[in-house]
Amino acid sequence: MPELPEVETVRQGLAPFLVGSRIVRVELRRKDLRFPFPEHFAGRLEGRRIVALNRRAKYLLAMLDDDQVLIAHLGMSGSFRMEAGAIGAFKFPRDKNPAHDHVVISLETGCLTYNDPRRFGFMTLAATDTLAEHPFFVGLGVEPLSNDFSGQTLARLFAGKTTSLKAALLDQRNVAGLGNIYVCEALHRAGLSPLRAAGGLTGAASEILARTVRAVLREAIEAGGSSLRDHRQADGALGYFQHNFRVYDREGQACANPDCRGTIIRRAQNGRSTFYCPNCQG
DNA sequence: CTCGTCCCCTGGGAGC
DNA sequence: TGCTCCCAGGGGACGA
């Protein structure tokens, strides 16, 4: 699911409701998601005020007023939904208990529900000042929308690597936040074959690739992300970047590049589907 | 290092 | 309708 643009869309949608709001009650409807919830999870959240809502790679980070961070990862199918309402006025999802609503967080500003059919997502708590050393974050690569990301960065990261461009971009230790969709889309826009060795990139190609990665992420965020099955914006609205896919899930269709008469193909790389145009991606 | 494979889990779609 | 099989925005463990 959720790659960087979807997580960022969720962050932007939730921030107006969460930042400055106090957590009133936390209801856990099971003892675990991908991992067990930490000890006293609900109790450690209740009464806390959220002072900022940040994102690192595909992680959402709710900074709390006691210098703890609520870390949330959406896995493949996780989503948050915010139902705004004054305190006392919002309703805990009462009668209906939708099968995959696993966490319900009541705030002064409304009700935040975490839904995750496949339960590959998770939530945990960490101390703010140790976040950089936390196992989830210590090995994470560069943020592709930060000033640290450039063609030079890519060239340095990929130098000497024999692995494919596809695998190198998907590896969160290099660039953090890209997933299968946006790697495929960026490589197509850059005119680069996903099969090429990452270490063989020229300086010019690195620049183009860095630019297209940023462009495709920015456009996707602008579009509210890509809604395939599970992704929703925080208010429940669908993202619409999936209509702008040029290769992802377009096997057998004509290449979207107007100068190209190729046909999109799908092939497995590192156990995941890669979509690309063998004609214009060299 | 890099690869393939299997795993976590549920659901949707294709094909029979 | 129903069954089986394959596939899915992620990530990690393990062995070759």
Side-chain angles (χ1 to χ4, degrees), chain A residues 1-11 29-36 55-60 71-80 98-102 114-124 134-141 144 157-187 194-200 213 216-217 219-221 223-233 238-252 266-275:
Chain A
M1 100 48 34
E3 304 183 28
L4 188 155
E6 288 74 36
V7 179
E8 178 61 19
T9 294
V10 169
R11 189 196 69 77
R29 294 186 174 167
R30 46 180 304 127
K31 64 182 188 337
D32 61 6
L33 291 170
R34 177 172 179 180
F35 309 118
R55 178 191 57 75
R56 171 75 170 108
K58 302 171 193 174
Y59 293 86
L60 273 176
I71 302 168
H73 193 292
L74 303 178
M76 285 281 268
S77 59
S79 62
F80 280 105
H100 302 297
D101 286 353
H102 305 306
Y114 179 71
N115 182 282
D116 190 350
R118 294 179 73 180
R119 304 202 301 277
F120 289 164
F122 51 90
M123 289 184 207
T124 193
H134 192 282
F136 291 145
F137 299 97
V138 72
L140 276 185
L157 285 169
F158 290 178
K161 282 193 169 20
T162 59
T163 194
S164 66
L165 264 185
K166 167 79 183 306
L169 287 170
L170 218 39
D171 189 334
Q172 303 295 298
R173 296 170 297 186
N174 296 326
V175 183
L178 298 178
N180 208 27
I181 289 178
Y182 298 104
V183 166
C184 291
E185 293 297 314
L187 285 171
L195 310 180
R196 267 170 67 151
V213 164
V216 79
L217 293 177
E219 286 177 36
I221 293 167
S226 303
S227 291
L228 298 186
R229 292 172 185 76
D230 304 293
H231 170 65
R232 292 284 189 285
Q233 301 185 54
L238 295 170
Y240 53 89
F241 192 74
Q242 66 277 13
H243 302 302
N244 296 334
F245 289 171
R246 300 187 190 176
V247 287
Y248 186 83
D249 205 20
R250 291 176 52 89
E251 181 184 20
R266 173 169 69 137
R267 75 170 267 173
Q269 265 184 304
N270 305 89
R272 323 207 33 198
S273 287
T274 296
F275 297 89

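Lettering follows sequence order; numbering is per chain, from 1. For clarity, every value in this text was computed on a predicted model and none was experimentally measured. The analysis underlying the following values was restricted to heavy atoms, covering all of them including side chains, and did not include hydrogens, waters or symmetry mates.
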Donor-acceptor pair, side chain of [X] and main chain of [Y], under 3.5 angstrom:
X	Y	value
A:K58	A:L178	yes
A:D230	A:G78	no
A:N115	A:H100	yes
A:S164	A:A197	no
A:E8	A:R55	no

Problem set entry | Heavy-atom contact window of chain A on DNA chain B, given 5' to 3' at under 4.0 Å | B:dT2 to B:dG11
Nearest-Å distance, [atom1] ([X]) to [atom2] ([N])?
X	N	atom1	atom2	value
A:D249	C:dC6	CG	P	18 Å
A:I181	C:dC7	CD1	P	17 Å
A:Y248	C:dC7	OH	P	12 Å
A:R56	C:dG11	CZ	C1'	16 Å
A:R267	C:dC7	CZ	C1'	18 Å

Problem set entry | Sidechain N-carboxylate O distance under 4.0 Å for A:R30, A:D32 | yes
Problem set entry | Full working for side chain to side chain donor-acceptor pair (under 3.5 Å) between A:Y114 and A:S79 | CA-CA 6 Å; A:Y114 179 71; A:S79 62; over 6 Å; no
So which protein nitrogen or oxygen atoms get under 3.5 Å of nucleotides 12-16 of chain C's nitrogens or oxygens?
{"from": "C:dG12", "atom 1": "O4'", "to": "A:R34", "atom 2": "NH2", "distance (Å)": "3.4"}

Reported [atom1]-to-[atom2] distance for the pair [X] and [Y], which is rounded to 0.5 angstrom:
X	Y	atom1	atom2	result
A:N180	A:Q269	CG	CD	9.5 Å
A:H231	A:E6	NE2	CD	5.0 Å
A:S227	A:H243	OG	NE2	8.0 Å

For this session: Could you provide the dot-bracket string of DNA chain B, using ( ) for intrastrand pairs, [ ] for crossing pairs and | for bases paired to another strand, with Watson-Crick or G-U pairs below 3.5 Å?
Result: .|||||||.|||||||
Problem set entry | Most 5' of A:R118 and A:F122 on DNA chain C, judged by nearest nucleotide | A:R118
For this session: Using a heavy-atom cut-off of under 4.0 Å over every strand shown, decide if A:R173 touches base, sugar-phosphate, or nothing.
Result: nothing
Exercise. Taking the C1' atom of each, how far is C:dC3 from B:dC8, in whole Å?
Worked result: 25 Å
Exercise. Distance between the P atoms of C:dT1 and B:dT10, in whole angstroms?
Worked result: 24 Å
Exercise. If each of A:R229 and A:D171 is mapped to the nucleotide of DNA chain B with the nearest heavy atom, which maps nearer the 5' terminus, i.e. the 5' end?
Worked result: A:D171
Problem set entry | OP1 or OP2 of C:dC7 under 4.0 Å from side-chain N/O of A:S273 | no
Exercise. Are A:F137 and A:Y59 close enough that their ring centres sit under 6.0 Å apart?
Worked result: yes
